[in-house]
There are 2 protein chains.
Amino acid sequence: MKARVAEQAEQPTSKRRAALTRESILEAALRLCSPEGGGQLTFSRLGKELGADPTAVYRHFRDKDELVLALTELTVAEGVELARTTLPDGPTDDWRNWLTVTAESIRASYLARPVVAVLAAARTTASPAEAGSVELLISVLHRAGLPVIEAAECCRQLVDLTLAMTQYSAAFSSLDPATQAKDEAAWAVKYAMLPEAEYPLLHESTPRLTELFRDDTEVFRMILATFLDGIALRIERSRQDRPHQRVF
Amino acid sequence: MKARVAEQAEQPTSKRRAALTRESILEAALRLCSPEGGGQLTFSRLGKELGADPTAVYRHFRDKDELVLALTELTVAEGVELARTTLPDGPTDDWRNWLTVTAESIRASYLARPVVAVLAAARTTASPAEAGSVELLISVLHRAGLPVIEAAECCRQLVDLTLAMTQYSAAFSSLDPATQAKDEAAWAVKYAMLPEAEYPLLHESTPRLTELFRDDTEVFRMILATFLDGIALRIERSRQDRPHQRVF
DNA sequence: GGGCGTTGTCAACGGCATTGACAGAGCCAT
DNA sequence: ATGGCTCTGTCAATGCCGTTGACAACGCCC
């Protein structure tokens, strides 16, 4: 039944308004979630965007949560796809580049729709695209010299680190600009008033910290780099302990 | 004027209900924010907790945002205090322990009130307690061999990493239990259905990944450990490059 | 003791997600 | 073709939320 309805939706022969579909709703929602879209996802805005009654959406999604979950799946799928096109096809030893590109692709996809990141980055997405990506990540790390289980652990760490940092950034960038400005001003005032005698090191670092203030992307890159250095150390240790363990 | 009112509040001689104070409101709000408090912070619940009209709070806080910001300040102050009591007094070379305790203290304080973490972990807190803590962290890293600016950068990384991971955890744990269970079930189903032939490594890792699923604390410890390994590498590099740079 | 600022109360507004009753449109079997 | 069925969009209403403005009681200072 549902299939038939979906087909019909692609050829709106009836007098009814452009028939709503799961896809058309998701597209509209994604439009609203983009930074230009207004930074808020509500049913009334969604209804206006679709030219339909807000409550019509309930015919296709049980509640807002289900809608948001579908949006996250689209988002991670896009992130995985972005990483796939950027990375080389065949097997590679460049695990560091591989992890970096994956993390930054996922981050970029989420930050293109901060609302989605804020609402659901902490939710589990059962997207199939993700599994393939994780499998590849594990294989890359295993190739680099890590035991499979440890590679999986590192992968999990990388994913959580990335999602957490993304949600963190998105939470700030989806505040209204006035609040952002106020927060930034408060921070500047606080650091300007620190007595140099009491906080000599902090005072010396203030220029650099100011540069970094809310430059989420730069901070994320730094954290990621440090984290990958840690992974490198693990790989090195692993190789020393069991130099002949490599499978490939 | 305000000071006078505060004094009076400590001796409620009047017939009026237990006079509201900034402090009493904050205490009540913290009670509501704790996991036992119900996991939701609304003005009506707050009014009920205080035995007063919900709108009375507006006489002490301009809006909810200001209230939440005050709660965050209390929370980070508590976290810093917790770290201070745990750590040794004098100077130390155990930078790794220092950073670990600081990060976990802040995380623990936030997670005692997940609501606060969700609502405001991405906001800037101009708390003075924080500055002292950061100054100390920089000095510890500097002592360990890092140039001041680089130490400050690492400190910034550590703070953001911790706050992001905390917000990430809190976002999940402050969902209603039904949703949590549903997410977990969906994840389990997804992984149980992965064809072993296509995802051999993932399949092999599933038991460990299941253990780790939503065990936020363990994942956080692992990420922190890896991150600190990265810092260790930087320190080592720094010492090799400029072995006589150390100030202490 | 008479103003006056401070503080708690009350009623109301607009926005939000969600629900249930209703209505039109396509589809099927008779 | 017609009656009934389901699918889908509409409308009105509910309950919770943050927030506001008018009002009233209280305590302070002159």
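In the text below, chain A, chain B and the rest are named by the order of the sequence lines, each starting its count at 1.
Distances from the side chain of B:R59 to the nucleotides D:dC17, C:dA17, C:dG8 place C:dG8 closest. Comparing atom distances between the B:Q40 side chain and each of D:dT10, D:dC17, C:dT18 picks out D:dC17 as nearest. In this structure, of D:dG9, C:dC16, D:dC17, it is C:dC16 that holds the atom nearest to the side chain of A:S44.
Nearest approach of B:P207 to B:H203, heavy atoms of both residues: CD-O, 3.9 Å. Shortest non-hydrogen contact noted between A:L20 and A:A56 is CD2-CB, 3.7 Å.
Atom P of nucleotide D:dC17 and atom CG of B:L32 are separated by 11 Å, given to the nearest angstrom. If you measure from atom OH of A:Y58 to atom P of D:dT14, you get 17 Å, rounded to the nearest angstrom. Rounded to whole Å, atom P of D:dA13 lies 14 Å from atom CG of A:D53. The distance from atom CD of B:E66 to atom P of D:dT19 is 11 Å, rounded to the nearest whole Å. Between the CZ atom of B:R45 and the P atom of D:dC17 there is a distance of 8 Å, rounded to whole Å. Distance B:R62 CZ to D:dG18 C1': 14 Å, rounded to the nearest Å. Atoms NZ (B:K48) and C1' (D:dC16) sit 12 Å apart, rounded to a whole Å. Nucleotide C:dT7 holds its C1' atom 11 Å from the CD1 atom of B:I25, rounded to whole Å.
The line from CZ of A:F220 to CG of B:L161 is 10.5 Å long, rounded to the nearest 0.5 Å.
Inspection of the A:R107 and A:T217 side chains reveals an N or O donor paired with an N or O acceptor under 3.5 Å. With no hydrogens or angles considered, no side-chain donor-acceptor pair links A:T21 and A:E23 at under 3.5 Å.
Across all strands shown, B:L46 has no heavy atoms under 4.0 Å from either base or sugar-phosphate atoms.
Mapping B:T55 and A:D63 onto DNA chain C via the closest heavy atom, the residue that lands nearer the 5' end is B:T55.
Close to D:dG9, at under 4.0 Å from its OP1 or OP2, lies a side-chain N or O of A:H60.
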